[in-house]
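Here the structure comes first, spelled out in structure tokens, and everything after it is commentary.
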Amino acid sequence: MTTTTERKLTTQKAIAEGIATEMAEDDSVFVMGEDVGTYGGIFGATEGLLDKFGPERIMDTPISETGFIGAAVGAAINGMRPIVELMFVDFFGVCMDQIYNNMAKIHYFSGGNVKVPMVLTTAVGGGYSDAGQHSQTLWGMFAHLPGMKVVVPSNPYDAKGLMIAAIRDDNPVVYMFHKGVLGLGWMTNNPRATGAVPEGPYEVPIGKAAVAREGTDLTIVTIGLSVHKALDAAEDLEKTGISAEVLDLRSLVPLDREAIVASVEKTHRLLVVDEDYQSFGMSGEVITTAVQGAFDYLDAPPMRLATPDIPIPYSHPLETWALPSVERITEAASTLLVAG
Amino acid sequence: MTTTTERKLTTQKAIAEGIATEMAEDDSVFVMGEDVGTYGGIFGATEGLLDKFGPERIMDTPISETGFIGAAVGAAINGMRPIVELMFVDFFGVCMDQIYNNMAKIHYFSGGNVKVPMVLTTAVGGGYSDAGQHSQTLWGMFAHLPGMKVVVPSNPYDAKGLMIAAIRDDNPVVYMFHKGVLGLGWMTNNPRATGAVPEGPYEVPIGKAAVAREGTDLTIVTIGLSVHKALDAAEDLEKTGISAEVLDLRSLVPLDREAIVASVEKTHRLLVVDEDYQSFGMSGEVITTAVQGAFDYLDAPPMRLATPDIPIPYSHPLETWALPSVERITEAASTLLVAG
Amino acid sequence: MDIPKDHLVDMYETMVKIRRFEERIRELYFADKLPAFDIAAGLIPGEMHLAAGQEPVAVGMRPHLKAGDAITATHRPHHVAIAQGVDLNKMAAEIFGRETGLGRGKGGHMHLFSVEPNFGCSGIIGEGMPVAVGAAMAFRHKGTDNVALSYFGEGAANQGAFHESLNLASLWKLPVVFICEDNAYAISVPKAASTAIPDNSDRASAYGIPGVLVGENDPVAVYEVMGEAIARARRGDGPSLVEIKTDRLWGHFEGDADAYRSEEFKTEMNERDPIIVYGNRLLAEGVLNEADMASIQQAMHDDVEAAIEFAMASPYPAPESALEDVFAGRSVQL
Amino acid sequence: MDIPKDHLVDMYETMVKIRRFEERIRELYFADKLPAFDIAAGLIPGEMHLAAGQEPVAVGMRPHLKAGDAITATHRPHHVAIAQGVDLNKMAAEIFGRETGLGRGKGGHMHLFSVEPNFGCSGIIGEGMPVAVGAAMAFRHKGTDNVALSYFGEGAANQGAFHESLNLASLWKLPVVFICEDNAYAISVPKAASTAIPDNSDRASAYGIPGVLVGENDPVAVYEVMGEAIARARRGDGPSLVEIKTDRLWGHFEGDADAYRSEEFKTEMNERDPIIVYGNRLLAEGVLNEADMASIQQAMHDDVEAAIEFAMASPYPAPESALEDVFAGRSVQL
Ligand SMILES: Cc1ncc(C[n+]2csc(CCOP(=O)(O)OP(=O)(O)O)c2C)c(N)n1
Ligand SMILES: Cc1ncc(C[n+]2csc(CCOP(=O)(O)OP(=O)(O)O)c2C)c(N)n1
Ligand SMILES: [Mg+2]
Ligand SMILES: [Mg+2]
């Protein structure tokens with residue numbers, strides 16, 4: 001990725017800047033959610049916005065997700081472009097009807113006459129012992145249900161560009177930020193959580209994967225925080241002479257199937273790393289895409305390393321064991337290299 | 001499947017009979033839901049039960065799914081074995097938190113100390129122009145989320161046996177009945193919607209697929225109403241000399257991966273038919289299972305025929321075109337046979 | 001209250017139009033499903049929720065509306081849509097699943113969406129309530145004096161969305177009127193088996209907003225109460241909750257045996273059919289004479305017939321168009 | 001009201017125990033996270049919601065409970081769990097993520113489950129409210145006179161689950177007491193920015209049940225009101241809603257800069273620390289003397305210390321045990 005400036009931001013600040021950029025341009029953009037005002041968002045995604053835009057456009061809400069996400073839908077179909085925050089994706093269960101049955105389907109039901117331009121932001125991911133109701137990613141589930149785009153930035157540059165693209169999109173976009181890539185002061189962070197971000201507006205197109213690292217021996221397809229784990233694993237693998245390509249999907253809907261197939265055609269081996277639950281989700285979809293698009297190129301059955309089908313456990317050793325790790329990725333990649 | 005009696009029931013009556021059988025045996029079983037009493041359930045799953053067991057055990061509820069499904073969880077952890085009906089699976093969005101975050105996780109959070117023995121029944125499926133909020137199957141989504149078993153009977157015998165197994169199971173079981181297999185008087189029905197059902201109690205084990213038809217040239221893996229479409233397609237295929245094996249998964253959690261792999265090892269070709277949305281769901285999971293378990297046996301890339309990633313459309317020609325059909329299955333199978 | 005004559009007549013006309021429309025839908029719904037009823041078959045397959053008897057609830061607000069006002073309705077939406085002036089041809093075409101329908105045949109009778117007038121409905125209980133709150137937020141942001149009306153059944157008043165929506169609307173003093181159509185039943189479940197207190201209008205106090213009960217199924221009573229509630233919202237004084245006692249004359253959906261309501265109940269209910277009662281009153285008060293009524297009848301029947309004909313003459317959508325309109329600007333790739 | 005002395009003392013002891021427990025958790029929470037706070041690090045990683053200041057809400061019901069009564073609490077559960085008598089060792093061990101914990105380390109501080117006493121809590125706002133309704137249904141079915149208590153914050157009173165649960169409990173006249181802990185804030189959002197009326201207890205009228213406001217953060221006031229509400233439920237007269245004004249002395253979670261509350265507010269709040277106020281009252285009324293208080297202090301500190309030691313001496317669960325306990329009777333297969 002070429003950057004036009006050396007100014008560096010954390011992913012969290014890049015998200016807030018993306019929102020601010022569009023709010024300054026477009027009066028119809030506003031933000032709603034729990035603790036998005038004075039607090040600036042529990043994960044800082046709306047930091048500084050209340051001061052810039054005031055309480056009419058940065059609105060703290062009661063703990064009424066069905067109410068305020070549904071209200072965002074109503075505002076969107078009446079000419080606004082709301083950004084609405086679901087504090088943790090894990091809370092989707094109290095408000096999913098408004099998301100999947102209403103926000104995501106009105107455009108279709110109306111035969112294209114009614115647009116629902118809104119962004120649903122939400123924090124995803126585990127790794128810090130927040131247990132089973134605050135650590136999920138659930139992107140496979142959102143991607144399974146039609147009518148909403150689903151984006152998951154892994155770095156500051158993409159975070160700002162995808163946010164701007166999401167706000168400008170005429171469709172509902174679910175924007176999932178992984179807590180582990182935000183560069184928060186109070187969490188262990190990958191060094192890549194801070195990076196160069198241009199000052200002005202720019203878009204990262206929704207639906208295009210990025211080759212986060214080129215390689216020739218196998219392809220690791222992943223998303224979110226696991227991109228960084230895969231990159232770290234790729235560095236380790238390089239030491240043993242294995243050249244891993246890392247594909248950062250960046251969005252699940254639309255899914256960049258061409259990029260998956262192209263990479264597998266090149267490397268002949270596929271490992272999918274997914275922090276979401278293993279079964280009936282992203283890992284199966286990516287493998288199916290590769291198998292159907294590059295069957296004759298595969299030298300070994302594709303592998304996957306995902307969170308097993310268990311609630312995310314609280315205790316540190318349990319959670320660490322359950323979530324994908326650099327070591328496990330390295331191990332899986334090494335196994336894959338000799339398989340087939 | 002051998003049957004010990006010639007008495008025939010529709011699937012709908014078999015479900016109600018399964019519930020009645022266990023209620024007569026076990027005082028702790030009771031039923032809650034909208035219109036389950038006087039009305040007998042919108043799809044007849046509780047027909048006749050109010051008269052047999054009275055309003056204390058067959059309870060009509062307000063339209064408060066979070067309230068009464070959550071109440072079922074509370075009753076279950078306090079010694080009851082509730083059966084609770086979510087009228088259409090499409091309504092999950094107003095109450096999913098109680099289902100996936102509470103019902104499905106309490107046993108885990110408690111380290112196994114607290115059991116949640118309950119059955120969540122729900123109607124699934126389309127094909128009768130009930131449009132995008134009343135026609136979904138969504139089983140892929142339920143199966144993606146850990147902690148609940150997911151069963152989907154396709155015929156009267158399984159319906160009763162799986163219901164009894166579900167009620168006796170110490171875990172939460174989501175019991176999805178497809179409207180099209182119920183044998184309702186007011187819907188077009190497959191002749192197999194009526195079949196022999198033993199009078200007494202019996203269990204169909206949860207987690208075992210059934211070979212609905214043996215074959216040698218390809219395997220069609222499917223579930224619910226599509227089992228019947230696949231069987232009809234297999235009859236058509238037989239006329240052109242193609243021998244299709246049809247595997248009725250019967251449950252998605254646990255998923256009978258051995259049965260999938262065994263069948264593909266035998267036939268070398270796999271077609272997955274799924275009425276749920278295509279991407280990030282059952283079809284990808286089954287294909288991944290086959291690819292990982294029987295890679296060297298596959299003569300061609302596995303195919304899938306699923307509902308595309310669109311809301312279920314209302315208009316008859318649109319819906320008919322979108323859902324899997326006998327013709328499409330036949331066509332896909334024929335294509336698969338010459339591929340590879 | 002002194003009600004302009006044209007308002008009285010307009011409400012009557014609209015009631016007649018609604019009833020005629022639903023009678024015709026009902027006829028055609030069953031036309032090719034009998035003798036063996038099959039929900040999936042015929043000119044109009046699928047569920048069909050008709051509102052015969054609930055016309056007063058819909059027409060009473062009609063004279064108070066202005067362009068741009070938003071309405072969200074329920075699974076039983078026709079009466080409200082017609083009262084707001086949704087294009088009858090396109091609405092009929094949608095119900096018949098045609099390309100010329102409001103949603104190109106994708107939505108159907110529970111999913112009617114119109115931009116002008118600003119109407120939407122849904123198949124999920126309570127789903128439209130937060131949407132009305134959001135429409136009102138948009139009006140506030142844009143500085144218009146439009147209002148949003150949210151219709152819901154008495155059964156919906158026990159769904160969480162009711163609570164969250166009323167609290168939000170009051171907290172933010174938004175121009176919303178919440179209208180509970182109390183037809184005493186949610187499918188087979190009577191109100192006493194679903195609601196802990198007799199009148200939902202009393203729940204307004206939990207949100208610090210006015211709650212008004214309209215005890216009769218009468219367009220004039222609704223007109224008066226809605227006039228005040230809408231005016232209040234329009235002048236920036238915040239939301240209200242209105243509950244109207246009404247009657248669902250037919251089954252919950254067409255094909256419903258309606259065995260959960262006694263024959264006496266149904267007979268009594270039919271005897272107080274609001275169109276007959278209101279028509280008699282207009283005659284008695286000299287607002288209309290028999291000839292006026294006959295010509296209204298004729299005109300409304302003609303409008304409905306034209307819409308039905310338009311719908312039935314319209315083509316079905318091309319099957320592959322199922323893939324269009326998922327996202328603005330692109331089809332889903334298979 | 002004439003309150004038995006042992007109840008007065010028991011409540012005081014329990015308050016001291018709760019506070020001590022939370023002070024120790026707090027110390028150990030930060031012990032190995034400083035100077036650079038990292039939520040994922042240390043002896044107790046993850047979010048930590050402590051209830052210092054809210055002890056009266058928890059202990060006031062304690063003397064009225066009997067074996068088998070069920071309680072559902074929130075993300076801020078320790079005070080209530082301790083007041084109900086949940087095993088302190090196992091609770092501490094769970095918070096430290098150990099094999100000997102209530103949930104073998106799988107649940108953590110927001111997911112404490114105990115069978116005897118009958119306690120549960122959760123990380124989702126409002127999630128426990130329907131569960132309490134269901135517990136009460138089970139008691140009714142089994143013919144016991146047990147009651148279910150449901151704790152929730154004032155922020156939770158705007159979640160749909162509140163509405164549905166209260167309606168159900170009233171409709172079915174179930175033995176439930178709903179207890180709103182009004183600490184005036186939901187994270188950073190003050191009650192006035194979330195709730196359309198001043199007192200949630202007034203919302204009881206929307207369900208036809210008694211609503212009682214306890215205006216002081218005082219265990220005796222809570223004791224009296226809870227005594228009546230629990231007795232009412234136990235004798236089969238149905239649910240009540242109780243709202244108690246209380247104080248959260250510390251941040252929403254540990255590490256919260258708490259910048260949304262003014263320094264004056266926080267100073268005032270700390271000056272009315274309920275343990276100090278109640279302790280002074282017991283001294284003044286001669287219920288306890290200084291020596292009693294010192295020995296209570298010591299005894300409670302010892303209990304807490306023993307629990308913390310038990311927890312810290314307990315082993316971590318084996319990593320692969322993550323796969324156990326998903327389903328009764330089997331591990332998940334990888
Ligand atoms: C969340 C949800 N639960 C249940 C249903 C099924 N359902 C459709 S209409 C209906 C009854 C609605 O009653 P009411 O709100 O009184 O409206 P009415 O049908 O009487 O007009 C029910 C239970 C639904 N559509 N959505
Ligand atoms: C459904 C849901 N929405 C949001 C949250 C995030 N959250 C956790 S605690 C909290 C504030 C709760 O406030 P209140 O109910 O007053 O309880 P308190 O924290 O004051 O004890 C919020 C918003 C959540 N856990 N669940
Ligand atoms: Mg009704
Ligand atoms: Mg609070």
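These numbers were taken from a predicted model, which means no experiment stands behind them. Residue numbering restarts at 1 for every chain, and letters A, B, ... go by the order of the sequence lines. Basis for what follows: all heavy atoms, side chains included, without hydrogens, waters or symmetry-related copies.
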Contact part of [X] toward chain C, heavy-atom cut-off under 4.5 Å: side chain, backbone, both or neither?
X	result
A:Val253	side chain
A:Ile69	neither
A:Asn171	side chain
A:Thr61	both
A:Met148	backbone
A:Phe30	side chain

Short question: side chain of [X], backbone of [Y] - any donor-acceptor pair under 3.5 Å?
X	Y	result
C:Arg232	C:Asp237	yes
A:Arg81	A:Ala76	no
A:Ser28	A:Met80	no
A:Ser251	A:Val151	no
C:Gln84	C:Asp69	yes

I need the residue from [options] with the largest number of non-hydrogen atom pairs under 4.5 Å to chain C.
options	answer
A:Asp170, A:Asn101, A:Ile63	A:Asn101
A:Asn102, A:Asn113, A:Asp27	A:Asn102
A:Val94, A:Asp169, A:Val73, A:Ile106	A:Ile106
A:His107, A:Glu56, A:Arg57	A:His107

Next item on the list: For C:Glu22 and C:His78, test the side chains for any donor-to-acceptor distance below 3.5 angstrom and give the result as yes or no.
Entry: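 Yes, side-chain donor-acceptor contact under 3.5 Å.
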
Check: By number, which residues in residues 156-178 of chain C have some heavy atom less than 4.5 Å away from chain A?
Finding: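 Against chain A, the residues of residues 156-178 of chain C that fall inside the cut-off (heavy atoms, under 4.5 Å) are C:Ala161, C:Glu164, C:Asn167, C:Leu168, C:Leu171, C:Trp172.
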
Margin query: Which label fits A:Phe109 and C:His111: parallel for a plane angle under 30°, tilted from 30 to 60°, or perpendicular past 60°?
Written below: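 A:Phe109 vs C:His111 ring planes: parallel.
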
Notebook entry, point to check: Among C:His109, C:His75, C:Arg76, which one satisfies side-chain hydrogen bond (donor to acceptor under 3.5 Å, both in side chains) with C:His49?
Noted result: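 Among C:His109, C:His75, C:Arg76, the one meeting side-chain hydrogen bond (donor to acceptor under 3.5 Å, both in side chains) with C:His49 is C:His109.
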
Notebook entry, point to check: Does the separation of the ring centres of A:His144 and A:Phe280 fall below 6.0 angstrom?
Noted result: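 Centroid distance A:His144-A:Phe280: not below 6.0 Å, so no.
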
Notebook entry, point to check: Taking side chain as C-beta onward, heavy atoms only, is A:Ile19 less than 4.5 Å from A:Met163?
Noted result: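 When only atoms from C-beta onward are counted, A:Met163 and A:Ile19 do touch, with a gap below 4.5 Å.
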
Margin query: Do C:Phe139 and C:Asp145 make a side-chain contact, defined as non-hydrogen atoms from C-beta onward lying under 4.5 Å apart?
Written below: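 Heavy-atom side-chain distance check fails, nothing below 4.5 Å.
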
Check: By a 4.5 Å heavy-atom criterion (distance strictly below it), what part of C:Asn146 contacts chain A: side chain, backbone, both, or neither?
Finding: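 C:Asn146 has no heavy atom closer than 4.5 Å to chain A.
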
